[in-house]
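Residue numbers begin at 1 in each chain, while the letters A, B, ... track the order of the sequences.
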2 protein chains.
Amino acid sequence: MHDIAATAGVSRGTVSRVLNGGYVSASARAAIERAIREVGYVPNTAARNLVMQRSQAIGFIVLEPHSLFLEDPNIGGIMLGANAALSAADYQMVNLVVDSERDTARITRYLSGGFVDGAIIVSARSHDPIIQVVGGIALPSAFVGHPRDLHPDIPYVGIDNIASAEEITRRLVATGRRRVGMIASAVDRDSGADRLIGFQRALGPAFDEALVAEVPLYDFACGAKGMRTLLERDPTIDGVFAASDAVAAGAMEALREAGRTVPDDVGVVGFDDSSWATRTRPHLSTVHQPAGDIGSRAADLVLRQLRGESIDRGGVLMPSPVVWRASA
Amino acid sequence: MHDIAATAGVSRGTVSRVLNGGYVSASARAAIERAIREVGYVPNTAARNLVMQRSQAIGFIVLEPHSLFLEDPNIGGIMLGANAALSAADYQMVNLVVDSERDTARITRYLSGGFVDGAIIVSARSHDPIIQVVGGIALPSAFVGHPRDLHPDIPYVGIDNIASAEEITRRLVATGRRRVGMIASAVDRDSGADRLIGFQRALGPAFDEALVAEVPLYDFACGAKGMRTLLERDPTIDGVFAASDAVAAGAMEALREAGRTVPDDVGVVGFDDSSWATRTRPHLSTVHQPAGDIGSRAADLVLRQLRGESIDRGGVLMPSPVVWRASA
DNA sequence: TTGTAGGCGTTATCAC
DNA sequence: GTGATAACGCCTACAA
């Protein structure tokens with residue numbers, strides 16, 4: 001900036017004023033703008049950050065094993081939704097991938113070092129060092145995903161997994177299924193546990209533990225494996241709630257291998273309403289997750305705090321309606 | 001830092017020395033470390049960046065329509081590979097999503113504003129404003145993906161789409177297929193165009209334009225549509241090269257609907273060796289893309305420049321071997 | 001309207 | 001070993 005002040009024959013203060021916006025004479029402005037072009041000047045944001053005490057950047061962090069980061073059909077939508085909201089407010093979303101202990105330590109520094117003004121954190125767990133830091137330095141943040149056991153000052157946004165699982169299971173039963181099972185993924189995570197709870201709640205006394213196949217991941221292969229387990233345990237099974245669409249697709253594959261048709265022999269429903277849902281034959285009945293809305297809502301929560309507005313502590317649950325297609 | 005210097009009764013210089021590493025007496029160090037804990041001090045990275053003239057951060061940018069960003073099976077692997085390499089060198093990878101004109105403008109400022117010391121750019125196109133900027137300020141960078149028509153000073157890493165497409169097509173032919181077609185996706189992009197070129201090259205004079213179905217995207221639905229087109233144009237078709245595994249999966253679905261078996265009636269091969277490849281029945285023969293290696297190689301290219309080492313201008317092609325499974 | 005000068009939080013270069 | 005002090009590049013009163 002020194003250079004351009006010199007070549008334009010003005011003081012640095014005046015240059016700063018045209019860069020931002022203040023009272024500058026037309027002649028001075030013209031000279032400065034020309035000088036800027038000549039010198040190829042670009043403002044140094046680091047210096048600006050230092051004096052302004054803000055970076056106009058918001059971190060977006062997914063605290064999941066990276067396999068899931070790659071596979072989860074919702075993460076991308078959440079990111080895009082968040083980015084759209086942040087972008088509109090002229091904030092740069094910076095996505096940080098945590099894939100090792102080392103990443104965690106480095107990101108911790110990054111967050112507390114003034115690189116970002118806030119953070120959106122997906123799938124936080126209370127014990128995670130990153131959320132300790134966020135809480136510790138009171139970085140304006142929002143959680144996406146796990147509603148419970150988190151820092152009391154940080155809001156979250158998610159969906160009601162229990163209610164939606166319950167609802168879609170009820171409708172599965174309403175199609176006349178008598179022996180309905182579930183392929184329950186990742187029951188060690190809130191979403192997985194909640195979907196199982198909802199399933200059980202819908203069935204009430206008819207719930208049969210033997211008709212629940214637990215699998216570790218929300219993926220296709222686990223779905224196929226879970227379905228085979230279920231068929232083995234009870235060949236008369238005629239309804240299945242899969243914990244995600246990918247799981248459901250895997251289940252349908254196993255069903256086809258076993259010679260069963262969907263929905264005639266077995267009705268199957270999924271969860272997520274991801275691209276899997278319309279990739280299967282027939283298309284999946286499932287629970288719609290408004291990923292984009294979740295992301296933009298989380299962004300909004302952070303932006304509000306940045307503006308000093310008050311927000312509800314606790315969480316906001318976005319609607320996740322059942323979408324009925326042909327698989328059940 | 002001022003505070004902790006005061007409470008520890010030393011100068012800021014000494015504090016800085018214990019933070020980084022220099023000669024400090026044990027007593028001073030102890031006093032300072034205690035003060036740090038008491039005050040809950042965290043170093044301000046923005047200030048450090050300003051004086052150090054570096055941020056220890058590298059941007060990672062995907063210049064694709066966001067739909068592809070969500071669907072592409074390779075992007076995630078490339079990201080992870082890049083992150084691993086950068087992390088090991090103690091650099092923070094920051095992922096920037098571009099999803100609008102506005103994003104482009106903002107990212108442009110971000111890159112030239114000192115937020116990052118370098119950038120990895122996936123799927124760059126020469127006309128993109130972002131690569132203009134990168135070239136303009138000589139930001140140490142590497143491109144992933146499109147080998148041609150780019151900035152001469154910036155290296156790239158990718159695979160040889162032409163050679164691999166040619167190789168897998170040849171092996172398809174070698175299984176005895178007489179009427180082999182291709183479902184060609186995104187022929188307006190380098191990867192898509194190259195795979196088509198390789199296909200044509202493998203077939204030589206036997207190449208029949210009518211057996212090429214062009215579809216816009218590398219996805220499942222396009223694969224199914226392309227396959228139906230092909231079957232319609234020539235019911236005797238007995239071999240198909242799909243431009244990606246997702247496309248191949250869609251093609252197999254269409255084949256099944258048409259009552260054809262794979263590989264008996266029709267042999268099909270894909271490209272990517274993504275999770276799709278082992279999700280189909282039978283598993284797909286395909287071209288392996290070493291996504292992780294590509295990412296870490298790109299990171300390495302950037303790190304080298306940062307260290308002032310010389311690198312080869314031009315590009316590096318990573319090996320992308322055919323993996324033979326059961327679908328052909 | 002414009003110039004001057006102090007300060008943002010660090011690091012680095014000196015003397016001491 | 002340690003303490004001043006000058007940058008780093010920018011913004012913003014305050015004066016002129």
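Non-hydrogen atoms lying under 4.0 Å from DNA chain C are contributed by Val24(A), Ser25(A), Ala28(A), all within residues 24-31 of chain A. Only Leu50(A), Val51(A), Gln53(A), listed by number, bring a heavy atom of residues 46-57 of chain A to less than 4.0 angstrom from any atom of DNA chain C.
A straight line from CG of Asn44(A) to C1' of dG9(C) spans 14 Å, rounded to a whole angstrom. Distance Leu19(B) CG to dT11(C) P: 6 Å, rounded to the nearest Å. The nearest whole Å value for the distance from the CZ atom in Arg12(A) to the C1' atom in dG9(D) is 9 Å. Spacing between atom NE2 of His2(B) and atom C1' of dT11(C) amounts to 16 Å, rounded to whole angstrom units. Rounded to a whole Å, the CD1 atom of Ile32(B) is 13 Å from the P atom of dT10(C). One interatomic measurement links the two molecules: CE of Met1(B) to P of dG9(C), which rounds to 11 Å at whole-angstrom precision. Separating the CZ atom of Arg17(B) from the C1' atom of dT13(C) is a distance of 10 Å, rounded to the nearest angstrom.
If you check the side chains of Arg109(B) and Thr45(A), you find no donor sitting under 3.5 Å from an acceptor. Checked by atom type, the side-chain pair Ser191(A)/Asn161(A) shows no donor-acceptor distance below 3.5 Å. Judged by distance alone, the side chains of Ser55(B) and Asp117(B) do bring a donor and an acceptor atom under 3.5 Å apart. Using modelled atom types and a 3.5 Å distance limit, the side chains of Asp103(A) and Asn83(B) yield a donor-acceptor pair. Side-chain atoms of Gln56(A) and Arg54(A) form a donor-acceptor pair, as typed in the model, at a separation below 3.5 Å.
Smallest separation of non-hydrogen atoms from Ala89(A) and Leu303(A): CB-CD1, 3.7 Å. Closest approach of Leu111(B) to Ile137(B), counting heavy atoms only: O-CD1, 4.0 Å.
Residue Val18(B) is out of contact with every strand shown, counting any heavy-atom pair closer than 4.0 Å. Among the heavy atoms of the strands lying under 4.0 Å from Val10(B) are primed sugar atoms or P, OP1, OP2 only; no base atom is included.
OP1 or OP2 of dT11(C) lies within a sub-4.0 Å distance of a side-chain N or O belonging to Ser16(B). For Tyr41(A) and dC10(D), the shortest distance from a side-chain N or O to OP1 or OP2 is below 4.0 Å.
Between its two ends, the helix from dT1(C)-dA16(D) to dC16(C)-dG1(D) turns its axis by 40°, counting five pairs per end and rounding to 10 degrees.
Put simply, the side chain of Ile121(B) reaches to within 4.5 Å of the side chain of Leu63(B), judged on heavy atoms. By the 4.5 Å heavy-atom criterion applied to side chains, Phe143(A) and Val157(A) are not counted as neighbours.
By the 4.0 Å N-to-carboxylate-O rule, Glu33(B) lies too far from Arg37(B) to be salt-bridged with it. Under the 4.0 Å criterion applied to side-chain N and carboxylate O atoms, Arg125(A) and Asp128(A) are not assigned as salt-bridge partners.
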